[in-house]
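First up is the structure itself, then whatever we jot down about it.
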Amino acid sequence: MPEQLETHPEGRTHVAAAALPVVLIPGDGIGPEITTCVRDILEAAGAPLAWQVHPAGLCCTDQVPSGLPKTTMAAIAEHCVALKGPTETPSGSGHKSVNVTIRKGLELYANIRPVRSLPGVETPYGNIDLVLVRENIEDTYGGIEHFQTPDVAQCLKVITRPGTLAACRRAFNLARDQGRKRVTCVHKANIHKLTDGLFLECFREVAAQFPDITADDILVDNLCMQLVRKPSQFDVLMLPNLYGDIVSDLCAGLVGGLGVAPSGNIGDRIAVFEAVHGSAPDIAGKGVANPTALLLAAIQMLRHLGLLLTADRIERALDAVLAAGIRTRDLGGTAGSAEFTKAMIAALPARAESDALPTLPEDPSVLRATGSAGGTRIETIGLDVFVEHGDLATVPPVPQAAGRMRLSMISNRGTKVYPGPLPDIRMVNWYRCRYVADGPVQDSEIMALLESVSHACTWVHIERLRTQEGKALYSKAQGE
Ligand code: NAI
């Protein structure tokens with residue numbers, strides 16, 4: 001197929017090519033119904049896509065217990081772009097979520113959710129047009145959880161420099177591409193000083209490379225309050241995984257709920273687009289499902305592929321259909337999925353010749369993250385030893401010292417309980433005993449300390465206390 005150059009009104013350059021292969025996953029429940037609607041609309045709009053249909057979800061757990069055939073993963077990896085219907089994860093069955101496997105297995109590190117008010121979808125919040133970018137892999141979603149004692153469960157919140165830099169670059173690039181003016185980092189660095197502190201530091205590092213875009217930050221609690229008071233004040237929001245998960249659903253609620261919330265899971269090379277909602281088993285097969293969220297995800301996908309004009313036309317048709325009152329039941333209307341789809345196809349504006357022209361892909365090397373500079377002096381100067389101790393009226397009888405390391409503090413649920421009087425707090429049978437030396441210690445000294453502690457109590461977990469150029473790489477306890 002010959003290639004030709006074309007320029008979008010916003011000034012981006014396109015290269016026309018053969019139909020682009022896109023993996024289509026119908027999924028479970030209402031998935032097959034709504035993917036058919038969306039496919040029909042995109043085909044009627046002349047989007048030059050070659051659909052590669054592959055299964056995933058409950059529908060194929062008979063053949064593959066994971067619900068995700070290797071051939072489906074391979075197809076996504078080969079063709080780089082997928083439109084995915086919702087897949088069902090049976091609760092308590094031990095099945096891993098197909099979504100999480102796709103996201104993590106393909107390093108789709110940024111979840112991008114456009115949040116836009118739609119005509120005819122009444123909300124009390126006025127006109128909203130913002131984009132939420134959520135880091136998609138890290139934070140507490142590593143799923144590193146342990147019971148420390150039968151009464152104490154722990155989840156590791158892991159924020160990394162390369163992961164955060166990559167997600168933040170994605171947010172700033174998106175802002176620049178979409179002509180947006182401001183990116184706001186959402187965090188809780190006043191409490192999570194090291195983890196959210198690192199997230200904020202990386203955000204600021206990336207922001208410095210985008211002087212044309214205003215960068216600021218806000219605490220996640222204040223953000224929630226501001227969002228329900230005046231959401232139109234925000235442009236692009238950049239969040240760590242957990243806050244992003246919660247706030248993105250809040251944002252979906254601001255513009256009409258799950259039926260109109262799309263999302264894209266984006267990596268350096270691969271992107272998977274889907275509706276935020278699930279497989280809606282309660283309405284599956286009834287012909288009443290709302291295809292809008294998946295259609296909005298498909299519009300996002302077309303833009304990702306550079307098919308900007310086709311995306312614009314479908315978006316205009318959607319606005320017209322909703323404004324004309326053709327809405328599915330979940331939005332207060334009476335239309336079924338088929339009626340909605342028919343109205344969408346009828347409302348598509350005529351196709352201009354230059355419509356179906358994809359943009360050149362972004363150079364992924366620009367997004368490649370690096371670790372921190374080597375050569376900095378990192379030393380272990382002590383150890384936090386977490387021990388189980390059932391007598392809540394006394395601190396555990398651990399040794400005061402071992403070799404050069406001295407017991408400097410014991411805490412319970414993050415509050416210092418030694419030295420000094422026991423504070424009046426609810427205690428649990430899990431204590432952190434902090435041992436610190438005046439200078440660097442060897443592993444052999446750590447082993448000797450653990451040996452000595454194990455004579456007094458059961459230790460269940462340890463953390464090295466490390467410094468970098470003299471700066472502590474660990475937090476203090478409340479009251480330490
Ligand atoms: P759900 O989003 O499927 O349904 C919640 C409510 O919203 C239901 O009343 C449903 O009828 C309604 N609803 C959802 N989408 C709709 C649409 N397009 N049109 C009209 N009404 C719609 O959430 P639920 O019930 O918690 O989950 C059902 C299954 O979906 C579970 O197995 C879950 O694991 C899976 N799920 C899959 C997701 C994905 O693949 N991305 C995301 C969320 C859930």
Side-chain angles (χ1 to χ4, degrees), residues 23-41 54-61 66-68 72-73 76 82-106 108 111-113 118 121 134 136 141 241 244-246 248-253 255-266 271-301 318 321-322 326-341 344:
V23 174
L24 182 69
I25 300 174
D28 300 316
I30 59 170
E33 302 165 46
I34 56 173
T35 46
T36 301
C37 298
V38 169
R39 183 177 173 161
D40 288 351
I41 295 166
H54 285 271
L58 208 56
C59 56
C60 51
T61 43
S66 66
L68 187 60
T72 301
M73 274 297 255
I76 303 174
L83 182 65
K84 179 185 162 296
T87 45
E88 209 163 309
T89 310
S91 328
S93 62
H95 282 284
K96 286 239 177 233
S97 149
V98 165
N99 293 318
V100 174
T101 310
I102 290 178
R103 223 176 276 161
K104 294 201 167 176
L106 299 172
L108 306 181
N111 182 269
I112 298 179
R113 293 208 195 171
L118 292 168
V121 181
R134 161 186 167 193
N136 215 14
Y141 288 65
N241 209 345
D245 191 358
I246 298 163
S248 56
D249 273 24
L250 187 156
C251 286
V255 292
L258 287 180
V260 295
S263 92
N265 297 290
I266 317 275
V272 176
F273 299 85
E274 62 182 341
V276 169
H277 62 71
S279 58
D282 52 332
I283 56 165
K286 296 185 178 160
V288 296
N290 184 358
T292 304
L294 190 69
L295 182 62
L296 288 166
I299 292 171
Q300 205 184 340
M301 178 186 80
L318 177 63
V321 165
L322 293 172
I326 302 162
R327 293 192 285 271
T328 44
R329 283 193 331 195
D330 57 305
L331 296 181
T334 55
S337 321
E339 191 186 335
F340 173 86
T341 304
M344 270 299 304

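Indexing begins at 1, ligand by ligand and atom by atom, following the structure's order. In this text the structure is predicted, and so the values were computed from the model without any measurement. Hydrogens, waters and symmetry mates are skipped; everything else that's a heavy atom, side chains included, is used.
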Value rounded to 0.5 Å, distance of CG in Asn99 from CG in Asn136: 10.0 Å
Hey, are the side chains of Leu322 and Val260 touching, using non-hydrogen atoms and a 4.5 Å cut-off? no
Residues two or more places apart in sequence or in another chain: which of them pass side-chain hydrogen bond (donor to acceptor under 3.5 Å, both in side chains) with Thr35? none
For ligand 1, which atoms have a heavy atom of Pro281 less than 4.0 angstrom away? 28 (C)
Leu258 heavy atoms within 4.0 Å reach ligand 1 at atoms 2 (O)
Closest to atom 14 (C) of ligand 1 by heavy-atom distance, out of Ala280, Ser337, Pro291, is Ala280
If we only count heavy atoms from C-beta on, is the Ile102 to Asn265 side-chain gap below 4.5 Å? no
Side chain to side chain, Phe340 and Val288, heavy atoms closer than 4.5 Å: no
Ile76 vs Lys84 side-chain heavy atoms within contact, under 4.5 Å: no
Indicate, as side chain, backbone, both or neither, the part of Thr87 found under 4.0 angstrom from ligand 1 when only non-hydrogen atoms are considered. both
I'd like to know if the side chain of Thr101 and the backbone of Ser97 have a donor-acceptor N/O pair within less than 3.5 Å. yes
Checking the N or O distance criterion of under 3.5 Å, is ligand 1 in contact with Glu274? yes
Who gets closest to atom 11 (O) of ligand 1 by heavy atom: Val288, Asp282, Val272, Ile25? Asp282
Numbered atoms and elements of ligand 1 in range of Lys84, under 4.0 angstrom, heavy atoms: 40 (O)
Ile34 and ligand 1 - part of the residue with a heavy-atom distance under 4.0 Å: neither
Report yes if some N/O of Val276 lies less than 3.5 Å from some N/O of ligand 1; otherwise report no. no
With heavy atoms of Ala289 as the reference, note each atom of ligand 1 found under 4.0 Å away. 19 (N)
Which segment of Asn290 sits under 4.0 Å of ligand 1 when only heavy atoms are counted: both
Contact list for residues 281-291, test side chain to side chain donor-acceptor pair (under 3.5 Å), sequence neighbours left out: Asn290-Thr292, Asn290-Thr328, Asn290-Asp330
In terms of heavy-atom contacts, His277 and Pro86 come closest through O-CB, 3.8 Å
Indicate, as side chain, backbone, both or neither, the part of Thr292 found under 4.0 angstrom from ligand 1 when only non-hydrogen atoms are considered. neither
So for ligand 1, is Gly259 a polar contact partner (N or O within less than 3.5 Å, distance only)? no
Polar atom proximity, Asp330 to ligand 1 (N or O, under 3.5 Å): no
